[in-house]
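In what follows, a single structure is set out as C-alpha coordinates and then discussed.
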Amino acid sequence: MQQHVLIIENGEGNLELIAKLVRRSGLTPVGATSLTEGKARFAQEMPESFLCAIVAYALPDAPKGEAIDFAVGSFIPTIATTENLDNDIRDKVLERDVVDYIPKENSQNYDYLNRLISRLEKNKSTGVVVVSTNRVLRSKTVSLLQRHNFIAFECLTATDALQCLSEHKNVRLVITDNTLPDMTGTHFVASLRKAFSKEQLAIMGIAGGKGMLMSAHFIKSGANDFLRVPYCHEEFLCRVMQNVEYIESVEEIRRVANTDYLTGLPNRRHFFYMVTVQHQNLSEDHALALIDLDFFKSINDTHGHDAGDIVLKAMAALIEFYFPDEIISRFGGEEFCIYMPSIPLEEACERLEDFRKVVENEVIQLPKTDIKVTCSIGVSGVHTQRVDKLLSLADKQLYAAKNSGRNQVKCEPPGVTQQEQASLL
(Lines give C-alpha, C1' and ligand atoms only; values in the text may rest on other atoms or scores of the structure.)
Protein backbone atom coordinates (compact mmCIF):
# COMPACT_ATOMS: atom_id res chain seq x y z
CA MET A 1 0.00 0.00 0.00
CA GLN A 2 1.23 3.50 -0.84
CA GLN A 3 1.44 5.27 2.52
CA HIS A 4 2.63 8.79 1.71
CA VAL A 5 0.83 11.89 0.47
CA LEU A 6 2.92 14.81 -0.75
CA ILE A 7 1.44 18.13 0.41
CA ILE A 8 2.75 21.42 -0.94
CA GLU A 9 0.61 24.18 0.55
CA ASN A 10 0.70 27.93 0.92
CA GLY A 11 1.25 28.56 4.63
CA GLU A 12 1.65 26.45 7.75
CA GLY A 13 -2.07 26.70 8.62
CA ASN A 14 -3.24 25.22 5.33
CA LEU A 15 -0.50 22.59 5.48
CA GLU A 16 -1.50 21.40 8.96
CA LEU A 17 -5.22 21.34 8.13
CA ILE A 18 -4.71 19.12 5.09
CA ALA A 19 -2.15 16.99 6.94
CA LYS A 20 -4.85 16.21 9.53
CA LEU A 21 -7.17 15.01 6.77
CA VAL A 22 -4.43 12.80 5.39
CA ARG A 23 -3.72 11.28 8.81
CA ARG A 24 -7.46 10.66 9.28
CA SER A 25 -7.30 8.48 6.17
CA GLY A 26 -4.51 6.40 7.72
CA LEU A 27 -1.81 7.90 5.49
CA THR A 28 1.43 9.76 6.20
CA PRO A 29 1.68 13.41 5.10
CA VAL A 30 4.96 14.63 3.63
CA GLY A 31 4.56 18.40 3.85
CA ALA A 32 6.17 21.53 2.44
CA THR A 33 5.26 25.23 2.09
CA SER A 34 7.18 25.91 -1.12
CA LEU A 35 8.03 24.15 -4.37
CA THR A 36 11.72 24.05 -3.46
CA GLU A 37 11.01 22.40 -0.13
CA GLY A 38 8.49 20.05 -1.77
CA LYS A 39 11.07 18.83 -4.29
CA ALA A 40 13.53 18.17 -1.47
CA ARG A 41 10.98 16.26 0.64
CA PHE A 42 9.90 14.22 -2.39
CA ALA A 43 13.51 13.28 -3.18
CA GLN A 44 13.92 11.82 0.32
CA GLU A 45 11.23 9.16 -0.26
CA MET A 46 10.71 6.38 -2.76
CA PRO A 47 8.47 7.76 -5.57
CA GLU A 48 6.40 4.55 -5.51
CA SER A 49 5.46 5.19 -1.85
CA PHE A 50 3.25 8.17 -2.75
CA LEU A 51 -0.47 7.59 -3.19
CA CYS A 52 -1.06 11.14 -4.40
CA ALA A 53 -0.05 14.78 -4.07
CA ILE A 54 -2.13 17.72 -2.82
CA VAL A 55 -0.66 20.91 -4.26
CA ALA A 56 -1.61 24.58 -4.06
CA TYR A 57 -1.86 26.44 -7.35
CA ALA A 58 -0.09 29.56 -6.02
CA LEU A 59 3.06 29.32 -3.88
CA PRO A 60 5.74 31.91 -3.02
CA ASP A 61 8.22 30.38 -5.47
CA ALA A 62 5.63 28.94 -7.86
CA PRO A 63 2.82 31.48 -8.38
CA LYS A 64 1.30 30.03 -11.57
CA GLY A 65 0.90 26.32 -10.96
CA GLU A 66 4.53 25.27 -11.37
CA ALA A 67 4.26 23.01 -8.31
CA ILE A 68 1.31 21.21 -9.93
CA ASP A 69 3.43 20.69 -13.05
CA PHE A 70 6.18 19.19 -10.87
CA ALA A 71 3.82 16.71 -9.16
CA VAL A 72 2.11 15.68 -12.41
CA GLY A 73 5.52 15.36 -14.11
CA SER A 74 6.62 13.08 -11.27
CA PHE A 75 3.73 10.73 -12.19
CA ILE A 76 1.87 11.25 -8.91
CA PRO A 77 -1.94 11.54 -9.03
CA THR A 78 -2.31 15.24 -8.19
CA ILE A 79 -5.14 17.12 -6.48
CA ALA A 80 -4.85 20.88 -6.91
CA THR A 81 -6.10 23.39 -4.33
CA THR A 82 -6.97 27.06 -4.80
CA GLU A 83 -7.82 29.81 -2.33
CA ASN A 84 -11.21 30.51 -3.93
CA LEU A 85 -13.47 29.61 -6.82
CA ASP A 86 -11.87 31.56 -9.65
CA ASN A 87 -12.89 30.53 -13.16
CA ASP A 88 -9.64 31.65 -14.79
CA ILE A 89 -7.52 29.70 -12.30
CA ARG A 90 -9.89 26.72 -12.55
CA ASP A 91 -9.39 26.60 -16.32
CA LYS A 92 -5.61 26.80 -15.92
CA VAL A 93 -5.65 24.01 -13.34
CA LEU A 94 -7.84 21.71 -15.45
CA GLU A 95 -5.60 22.19 -18.48
CA ARG A 96 -3.19 19.97 -16.57
CA ASP A 97 -3.66 16.24 -15.96
CA VAL A 98 -4.87 16.64 -12.40
CA VAL A 99 -7.20 14.29 -10.55
CA ASP A 100 -9.37 17.17 -9.40
CA TYR A 101 -9.17 20.62 -7.87
CA ILE A 102 -10.49 21.84 -4.51
CA PRO A 103 -11.32 25.48 -3.75
CA LYS A 104 -10.56 26.03 -0.04
CA GLU A 105 -13.62 28.20 0.56
CA ASN A 106 -15.70 26.08 2.97
CA SER A 107 -15.58 22.99 5.19
CA GLN A 108 -17.59 20.85 2.77
CA ASN A 109 -14.82 21.13 0.21
CA TYR A 110 -12.41 19.73 2.78
CA ASP A 111 -14.82 16.84 3.43
CA TYR A 112 -14.83 16.18 -0.31
CA LEU A 113 -11.02 16.22 -0.28
CA ASN A 114 -11.02 13.64 2.51
CA ARG A 115 -13.35 11.36 0.50
CA LEU A 116 -11.20 11.84 -2.58
CA ILE A 117 -8.01 10.74 -0.78
CA SER A 118 -9.70 7.60 0.52
CA ARG A 119 -11.11 6.80 -2.92
CA LEU A 120 -7.70 6.88 -4.61
CA GLU A 121 -6.72 3.76 -2.66
CA LYS A 122 -10.08 1.99 -3.02
CA ASN A 123 -10.24 2.67 -6.75
CA LYS A 124 -7.19 0.49 -7.41
CA SER A 125 -9.45 -2.55 -7.07
CA THR A 126 -12.58 -1.02 -8.64
CA GLY A 127 -13.42 -1.64 -12.30
CA VAL A 128 -15.33 0.70 -14.62
CA VAL A 129 -16.41 -0.31 -18.14
CA VAL A 130 -16.62 2.44 -20.78
CA VAL A 131 -18.70 1.52 -23.86
CA SER A 132 -18.54 3.79 -26.92
CA THR A 133 -17.45 3.76 -30.54
CA ASN A 134 -16.46 7.42 -30.27
CA ARG A 135 -12.69 7.13 -29.85
CA VAL A 136 -12.19 10.68 -28.59
CA LEU A 137 -14.99 10.43 -26.02
CA ARG A 138 -13.87 6.96 -24.94
CA SER A 139 -10.22 7.99 -24.57
CA LYS A 140 -11.08 11.13 -22.59
CA THR A 141 -13.38 9.20 -20.25
CA VAL A 142 -10.85 6.43 -19.67
CA SER A 143 -8.09 8.99 -19.05
CA LEU A 144 -10.13 10.72 -16.33
CA LEU A 145 -10.95 7.40 -14.68
CA GLN A 146 -7.32 6.32 -14.68
CA ARG A 147 -6.30 9.57 -13.00
CA HIS A 148 -8.53 8.45 -10.15
CA ASN A 149 -6.79 5.03 -10.10
CA PHE A 150 -9.87 3.19 -11.42
CA ILE A 151 -9.31 0.03 -13.47
CA ALA A 152 -10.85 1.17 -16.74
CA PHE A 153 -11.98 -1.25 -19.47
CA GLU A 154 -12.69 0.02 -22.99
CA CYS A 155 -15.39 -1.65 -25.10
CA LEU A 156 -16.76 -0.74 -28.54
CA THR A 157 -19.93 -2.85 -28.44
CA ALA A 158 -22.55 -4.01 -25.95
CA THR A 159 -21.50 -7.62 -26.60
CA ASP A 160 -17.89 -6.82 -25.69
CA ALA A 161 -19.05 -5.08 -22.52
CA LEU A 162 -21.15 -8.07 -21.42
CA GLN A 163 -18.16 -10.34 -21.97
CA CYS A 164 -15.98 -7.96 -19.96
CA LEU A 165 -18.47 -8.00 -17.08
CA SER A 166 -18.47 -11.80 -17.04
CA GLU A 167 -14.68 -11.88 -16.82
CA HIS A 168 -14.12 -9.10 -14.29
CA LYS A 169 -16.12 -9.37 -11.08
CA ASN A 170 -14.67 -6.13 -9.70
CA VAL A 171 -16.67 -3.89 -12.08
CA ARG A 172 -18.98 -1.55 -10.18
CA LEU A 173 -19.93 0.95 -12.90
CA VAL A 174 -20.74 0.87 -16.63
CA ILE A 175 -20.61 4.12 -18.62
CA THR A 176 -22.30 3.71 -22.00
CA ASP A 177 -22.88 5.87 -25.04
CA ASN A 178 -26.28 5.61 -26.75
CA THR A 179 -24.96 4.82 -30.26
CA LEU A 180 -23.55 1.29 -30.27
CA PRO A 181 -23.08 -1.01 -33.30
CA ASP A 182 -25.10 -3.95 -31.98
CA MET A 183 -27.89 -2.18 -30.03
CA THR A 184 -28.89 1.21 -28.70
CA GLY A 185 -27.55 2.32 -25.36
CA THR A 186 -31.00 2.19 -23.78
CA HIS A 187 -31.53 -1.41 -24.95
CA PHE A 188 -28.09 -2.28 -23.60
CA VAL A 189 -29.00 -0.75 -20.22
CA ALA A 190 -32.24 -2.75 -20.16
CA SER A 191 -30.35 -5.98 -20.90
CA LEU A 192 -27.87 -5.21 -18.12
CA ARG A 193 -30.70 -4.72 -15.66
CA LYS A 194 -31.94 -8.24 -16.36
CA ALA A 195 -28.61 -9.56 -15.10
CA PHE A 196 -27.65 -6.95 -12.46
CA SER A 197 -29.79 -5.02 -10.01
CA LYS A 198 -29.14 -1.36 -9.21
CA GLU A 199 -27.55 -2.51 -5.95
CA GLN A 200 -25.07 -4.71 -7.83
CA LEU A 201 -24.04 -2.50 -10.74
CA ALA A 202 -24.32 1.23 -11.39
CA ILE A 203 -24.96 2.40 -14.96
CA MET A 204 -24.36 5.90 -16.31
CA GLY A 205 -25.62 6.91 -19.73
CA ILE A 206 -23.78 9.55 -21.76
CA ALA A 207 -24.98 11.13 -25.00
CA GLY A 208 -24.49 14.23 -27.08
CA GLY A 209 -26.91 16.14 -29.25
CA LYS A 210 -29.83 18.33 -28.35
CA GLY A 211 -32.42 15.67 -27.58
CA MET A 212 -33.72 16.61 -24.12
CA LEU A 213 -35.52 13.30 -23.57
CA MET A 214 -32.42 11.11 -23.82
CA SER A 215 -31.76 11.35 -20.07
CA ALA A 216 -35.31 10.17 -19.33
CA HIS A 217 -34.96 7.26 -21.79
CA PHE A 218 -31.78 6.09 -20.04
CA ILE A 219 -33.23 6.42 -16.53
CA LYS A 220 -36.46 4.63 -17.50
CA SER A 221 -34.42 1.82 -19.08
CA GLY A 222 -32.65 1.22 -15.77
CA ALA A 223 -29.68 3.60 -15.66
CA ASN A 224 -28.71 5.14 -12.32
CA ASP A 225 -27.49 8.37 -13.87
CA PHE A 226 -27.05 10.33 -17.09
CA LEU A 227 -24.53 12.89 -18.29
CA ARG A 228 -24.71 15.00 -21.43
CA VAL A 229 -21.66 15.33 -23.69
CA PRO A 230 -19.56 17.45 -23.59
CA TYR A 231 -19.49 17.05 -19.83
CA CYS A 232 -17.80 19.07 -17.11
CA HIS A 233 -14.65 17.46 -15.67
CA GLU A 234 -15.68 17.93 -12.03
CA GLU A 235 -19.31 16.91 -12.51
CA PHE A 236 -18.26 13.71 -14.26
CA LEU A 237 -15.93 12.69 -11.43
CA CYS A 238 -18.45 13.63 -8.71
CA ARG A 239 -21.12 11.50 -10.39
CA VAL A 240 -18.73 8.57 -10.81
CA MET A 241 -17.78 8.74 -7.13
CA GLN A 242 -21.40 8.93 -5.99
CA ASN A 243 -22.47 5.95 -8.09
CA VAL A 244 -19.53 3.77 -7.02
CA GLU A 245 -19.97 4.74 -3.36
CA TYR A 246 -23.66 3.81 -3.56
CA ILE A 247 -22.77 0.27 -4.70
CA GLU A 248 -20.11 0.00 -1.98
CA SER A 249 -22.55 1.22 0.70
CA VAL A 250 -25.06 -1.46 -0.25
CA GLU A 251 -22.30 -4.08 -0.21
CA GLU A 252 -21.23 -2.93 3.26
CA ILE A 253 -24.79 -3.04 4.58
CA ARG A 254 -25.17 -6.58 3.24
CA ARG A 255 -21.83 -7.60 4.72
CA VAL A 256 -22.80 -6.29 8.16
CA ALA A 257 -26.24 -7.89 7.94
CA ASN A 258 -24.77 -11.26 6.97
CA THR A 259 -21.77 -11.34 9.32
CA ASP A 260 -21.49 -12.26 12.97
CA TYR A 261 -20.18 -9.11 14.67
CA LEU A 262 -17.81 -10.94 17.04
CA THR A 263 -16.15 -13.67 14.98
CA GLY A 264 -16.52 -12.30 11.45
CA LEU A 265 -18.05 -15.59 10.29
CA PRO A 266 -21.27 -15.64 8.25
CA ASN A 267 -24.29 -15.56 10.56
CA ARG A 268 -27.21 -18.00 10.68
CA ARG A 269 -29.28 -15.96 8.21
CA HIS A 270 -26.51 -15.89 5.62
CA PHE A 271 -25.83 -19.61 6.13
CA PHE A 272 -29.35 -20.53 5.01
CA TYR A 273 -29.08 -18.12 2.09
CA MET A 274 -25.78 -19.62 0.90
CA VAL A 275 -26.98 -23.22 1.17
CA THR A 276 -30.27 -22.62 -0.61
CA VAL A 277 -28.83 -20.33 -3.32
CA GLN A 278 -25.53 -22.09 -4.04
CA HIS A 279 -26.99 -25.57 -3.66
CA GLN A 280 -30.59 -25.40 -4.80
CA ASN A 281 -30.47 -29.18 -5.28
CA LEU A 282 -28.65 -30.75 -2.35
CA SER A 283 -26.35 -33.57 -3.40
CA GLU A 284 -26.92 -37.10 -2.17
CA ASP A 285 -23.43 -37.23 -0.64
CA HIS A 286 -23.26 -34.40 1.82
CA ALA A 287 -22.91 -33.73 5.54
CA LEU A 288 -23.92 -31.07 8.00
CA ALA A 289 -22.19 -30.64 11.35
CA LEU A 290 -23.15 -28.71 14.46
CA ILE A 291 -20.22 -27.86 16.74
CA ASP A 292 -20.72 -26.76 20.33
CA LEU A 293 -18.00 -25.71 22.80
CA ASP A 294 -18.05 -27.77 25.99
CA PHE A 295 -18.58 -26.05 29.37
CA PHE A 296 -18.47 -22.62 27.75
CA LYS A 297 -20.50 -21.04 30.57
CA SER A 298 -17.79 -21.98 33.05
CA ILE A 299 -15.22 -20.10 30.93
CA ASN A 300 -17.32 -16.93 31.19
CA ASP A 301 -17.95 -17.49 34.91
CA THR A 302 -14.28 -18.19 35.71
CA HIS A 303 -12.40 -15.85 33.38
CA GLY A 304 -15.03 -13.27 32.38
CA HIS A 305 -16.99 -12.57 29.20
CA ASP A 306 -13.99 -10.96 27.48
CA ALA A 307 -12.18 -14.29 27.82
CA GLY A 308 -15.23 -16.04 26.39
CA ASP A 309 -15.09 -13.74 23.38
CA ILE A 310 -11.42 -14.60 22.84
CA VAL A 311 -12.28 -18.31 22.89
CA LEU A 312 -15.11 -17.84 20.37
CA LYS A 313 -12.82 -15.89 18.03
CA ALA A 314 -10.14 -18.59 18.31
CA MET A 315 -12.72 -21.28 17.52
CA ALA A 316 -13.98 -19.32 14.51
CA ALA A 317 -10.41 -18.93 13.22
CA LEU A 318 -9.82 -22.68 13.48
CA ILE A 319 -13.03 -23.45 11.60
CA GLU A 320 -12.11 -20.99 8.83
CA PHE A 321 -8.64 -22.50 8.53
CA TYR A 322 -9.64 -26.19 8.49
CA PHE A 323 -12.82 -25.81 6.41
CA PRO A 324 -11.92 -23.09 3.86
CA ASP A 325 -14.10 -24.49 1.06
CA GLU A 326 -17.21 -25.32 3.07
CA ILE A 327 -20.19 -23.18 4.06
CA ILE A 328 -19.60 -22.18 7.67
CA SER A 329 -21.46 -20.09 10.20
CA ARG A 330 -21.69 -19.03 13.80
CA PHE A 331 -25.22 -20.03 14.70
CA GLY A 332 -25.26 -18.16 17.98
CA GLY A 333 -23.75 -18.45 21.43
CA GLU A 334 -21.04 -21.11 21.37
CA GLU A 335 -22.58 -23.07 18.47
CA PHE A 336 -21.13 -23.24 14.94
CA CYS A 337 -22.36 -24.97 11.79
CA ILE A 338 -20.58 -26.47 8.76
CA TYR A 339 -22.23 -27.70 5.57
CA MET A 340 -20.09 -29.98 3.37
CA PRO A 341 -21.62 -30.49 -0.08
CA SER A 342 -20.56 -33.47 -2.21
CA ILE A 343 -18.66 -35.07 0.68
CA PRO A 344 -19.70 -38.55 1.86
CA LEU A 345 -20.68 -38.84 5.52
CA GLU A 346 -17.78 -41.16 6.36
CA GLU A 347 -15.20 -38.74 4.97
CA ALA A 348 -16.87 -35.80 6.72
CA CYS A 349 -16.79 -37.61 10.04
CA GLU A 350 -13.08 -38.35 9.66
CA ARG A 351 -12.34 -34.68 8.97
CA LEU A 352 -14.45 -33.57 11.91
CA GLU A 353 -12.75 -36.06 14.24
CA ASP A 354 -9.37 -34.65 13.17
CA PHE A 355 -10.72 -31.17 13.83
CA ARG A 356 -11.98 -32.16 17.27
CA LYS A 357 -8.44 -33.29 18.15
CA VAL A 358 -7.02 -29.99 16.90
CA VAL A 359 -9.41 -28.06 19.14
CA GLU A 360 -8.56 -30.30 22.11
CA ASN A 361 -4.84 -29.59 21.70
CA GLU A 362 -5.12 -25.87 20.92
CA VAL A 363 -3.75 -23.53 23.57
CA ILE A 364 -5.74 -20.29 23.76
CA GLN A 365 -3.99 -17.32 25.28
CA LEU A 366 -6.06 -15.18 27.64
CA PRO A 367 -4.78 -11.93 29.21
CA LYS A 368 -3.87 -13.62 32.52
CA THR A 369 -3.59 -17.33 31.65
CA ASP A 370 -3.69 -19.97 28.92
CA ILE A 371 -6.56 -22.41 28.61
CA LYS A 372 -7.64 -25.38 26.52
CA VAL A 373 -11.18 -26.15 25.39
CA THR A 374 -13.03 -29.09 23.87
CA CYS A 375 -16.05 -29.36 21.61
CA SER A 376 -18.88 -31.76 20.87
CA ILE A 377 -19.95 -32.37 17.28
CA GLY A 378 -23.12 -33.82 15.82
CA VAL A 379 -23.23 -34.79 12.14
CA SER A 380 -26.05 -35.65 9.78
CA GLY A 381 -25.65 -37.03 6.26
CA VAL A 382 -29.10 -38.30 5.34
CA HIS A 383 -30.39 -37.84 1.80
CA THR A 384 -32.76 -34.88 1.84
CA GLN A 385 -33.48 -31.65 0.00
CA ARG A 386 -34.38 -29.85 3.23
CA VAL A 387 -31.55 -28.20 5.12
CA ASP A 388 -33.80 -27.72 8.17
CA LYS A 389 -34.14 -31.50 8.44
CA LEU A 390 -30.38 -31.94 8.21
CA LEU A 391 -30.01 -29.44 11.04
CA SER A 392 -32.62 -31.16 13.17
CA LEU A 393 -30.93 -34.55 12.82
CA ALA A 394 -27.44 -33.08 13.40
CA ASP A 395 -28.81 -31.43 16.55
CA LYS A 396 -29.98 -34.84 17.81
CA GLN A 397 -26.49 -36.20 17.27
CA LEU A 398 -24.98 -33.20 19.06
CA TYR A 399 -27.32 -33.83 22.00
CA ALA A 400 -26.17 -37.47 22.04
CA ALA A 401 -22.49 -36.37 22.03
CA LYS A 402 -23.15 -34.08 25.00
CA ASN A 403 -24.97 -36.79 26.93
CA SER A 404 -22.22 -39.34 26.22
CA GLY A 405 -19.52 -37.31 27.95
CA ARG A 406 -18.75 -34.44 25.51
CA ASN A 407 -15.52 -33.96 23.49
CA GLN A 408 -16.59 -36.39 20.80
CA VAL A 409 -18.12 -36.64 17.33
CA LYS A 410 -21.42 -38.42 16.83
CA CYS A 411 -21.85 -39.36 13.18
CA GLU A 412 -24.06 -42.40 13.18
CA PRO A 413 -27.16 -41.70 11.10
CA PRO A 414 -30.02 -41.53 13.61
CA GLY A 415 -32.85 -43.96 13.44
CA VAL A 416 -35.42 -42.58 11.02
CA THR A 417 -38.99 -43.83 10.93
CA GLN A 418 -40.87 -44.26 7.67
CA GLN A 419 -42.91 -41.16 8.53
CA GLU A 420 -39.74 -39.16 9.21
CA GLN A 421 -38.12 -40.45 6.01
CA ALA A 422 -41.09 -39.22 3.99
CA SER A 423 -40.75 -35.76 5.58
CA LEU A 424 -37.12 -35.50 4.45
CA LEU A 425 -38.04 -35.51 0.75
Side-chain angles (χ1 to χ4, degrees), residues 1-7 18 21-22 24-27 47-55 57 68-69 71-82 90 93-103 108-132 136-155 161 164 168-177 201-206 224-227 229-249 251-252:
M1 179 180 175
Q2 295 164 308
Q3 296 289 342
H4 295 139
V5 175
L6 178 65
I7 307 171
I18 294 178
L21 296 178
V22 170
R24 192 185 301 169
S25 299
L27 300 165
E48 293 79 12
S49 69
F50 286 92
L51 174 67
C52 66
I54 303 171
V55 182
Y57 175 79
I68 298 174
D69 294 331
V72 172
S74 300
F75 302 101
I76 313 173
T78 303
I79 303 166
T81 65
T82 61
R90 171 192 172 277
V93 167
L94 295 182
E95 287 174 357
R96 298 162 164 95
D97 291 335
V98 296
V99 170
D100 208 341
Y101 92 100
I102 310 292
Q108 289 303 312
N109 285 336
Y110 284 105
D111 288 340
Y112 176 78
L113 175 59
N114 191 40
R115 284 172 55 207
L116 191 55
I117 297 168
S118 300
R119 282 245 56 95
L120 287 173
E121 183 61 35
K122 292 180 181 178
N123 291 349
K124 293 178 182 179
S125 58
T126 304
V128 179
V129 174
V130 180
V131 195
S132 176
V136 174
L137 173 62
R138 195 175 65 249
S139 298
K140 177 187 175 183
T141 304
V142 167
S143 175
L144 288 176
L145 291 168
Q146 290 175 338
R147 290 186 208 176
H148 269 239
N149 287 342
F150 284 107
I151 304 169
F153 303 98
E154 296 185 56
C155 297
C164 184
H168 301 282
K169 304 304 180 184
N170 62 337
V171 173
R172 296 293 177 267
L173 172 65
V174 172
I175 301 172
T176 180
D177 194 357
L201 180 70
I203 305 172
M204 182 189 298
I206 53 175
N224 301 70
D225 208 346
F226 176 84
L227 199 58
V229 179
Y231 51 72
C232 168
H233 176 125
E234 302 100 303
E235 182 183 7
F236 171 77
L237 293 174
C238 286
R239 287 178 182 267
V240 167
M241 281 178 60
Q242 287 180 343
N243 280 287
V244 170
E245 287 175 349
Y246 171 74
I247 299 297
E248 291 175 345
S249 296
E251 289 177 345
E252 179 62 16

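Just the heavy atoms: all of them, side chains too, but no hydrogens, waters or symmetry mates, feed the values below.
Between Tyr231 and Phe236, the ring planes lie parallel to each other; the angle is under 30°, not in the 30° to 60° tilted range.
When all heavy atoms of Tyr101 and Leu94 are compared, the pair lying nearest together is CD2-CD2, 4.2 Å. The minimum heavy-atom distance between Ala202 and Ile247, with the atom names listed, is N-CD1, 3.7 Å. Closest approach of Val72 and Val98 over heavy atoms only: CG2-CG1, 4.4 Å. Here the closest heavy-atom approach between residue Phe153 and residue Gly127 is recorded as CE1-CA, 4.1 Å. In terms of heavy atoms, Met204 sits closest to Asn243 at CE-ND2, 3.8 Å. The two atoms that bring Ala53 and Ile76 nearest to each other are N-CG2, 3.5 Å, heavy atoms only.
To the nearest 0.5 Å, atoms CD (Gln146) and OG (Ser139) are separated by 9.5 Å. The CD1 atom of Ile102 sits 10.5 Å away from the CG atom of Asn114 when rounded to the nearest 0.5 Å. Here CZ of Arg239 is found 4.5 Å from CG of Asp225. Values are rounded to the nearest 0.5 Å. How far CZ of Arg147 is from SG of Cys52: 15.0 Å, rounded to the nearest 0.5 Å. For the atom pair NE2 of His148 and CE of Met241, the computed distance is 7.0 Å after rounding to the nearest 0.5 Å. Note that CG of Leu27 and OG of Ser118 are 7.5 Å apart. Values are rounded to the nearest 0.5 Å.
Remark: the backbone N or O of Pro103 is paired with a side-chain donor or acceptor of Asn109 at under 3.5 angstrom. With hydrogens and angles ignored, the 3.5 Å screen pairs a side-chain donor or acceptor of Asn149 with a backbone N or O of Leu120. The main-chain N or O of Ser132 is found under 3.5 Å from a side-chain atom of Arg138 such that the two form a donor-acceptor pair.
Ser125 has its side chain out of reach of Asn170: every pair of non-hydrogen atoms, C-beta onward, lies at least 4.5 Å apart. Between Thr82 and Arg90, every side-chain heavy-atom pair lies at or beyond the 4.5 Å cut-off. Annotation: side chain of Gln242 is not in contact with side chain of Asn224 (no heavy-atom distance under 4.5 Å). Put simply, the side chain of Ile54 reaches to within 4.5 Å of the side chain of Ile117, judged on heavy atoms. Counting heavy atoms from C-beta outward, Phe150 and Leu173 have side chains that stay 4.5 Å or more apart.
For the side chain to side chain contact (heavy atoms under 4.5 Å, CB included) with Val131, the lone residue among Thr176, Ile175, Thr141, Ile203 that qualifies is Thr176.
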Test log, rule side-chain contact (heavy atoms from CB on, under 4.5 Å), inputs Thr78 and Arg96: CA-CA 10 Å; Thr78 303; Arg96 298 162 164 95; over 6 Å; no
Worked check of salt bridge (Lys or Arg N to Asp or Glu O under 4.0 Å) between Glu245 and Lys122: CA-CA 10 Å; Glu245 287 175 349; Lys122 292 180 181 178; over 6 Å; no
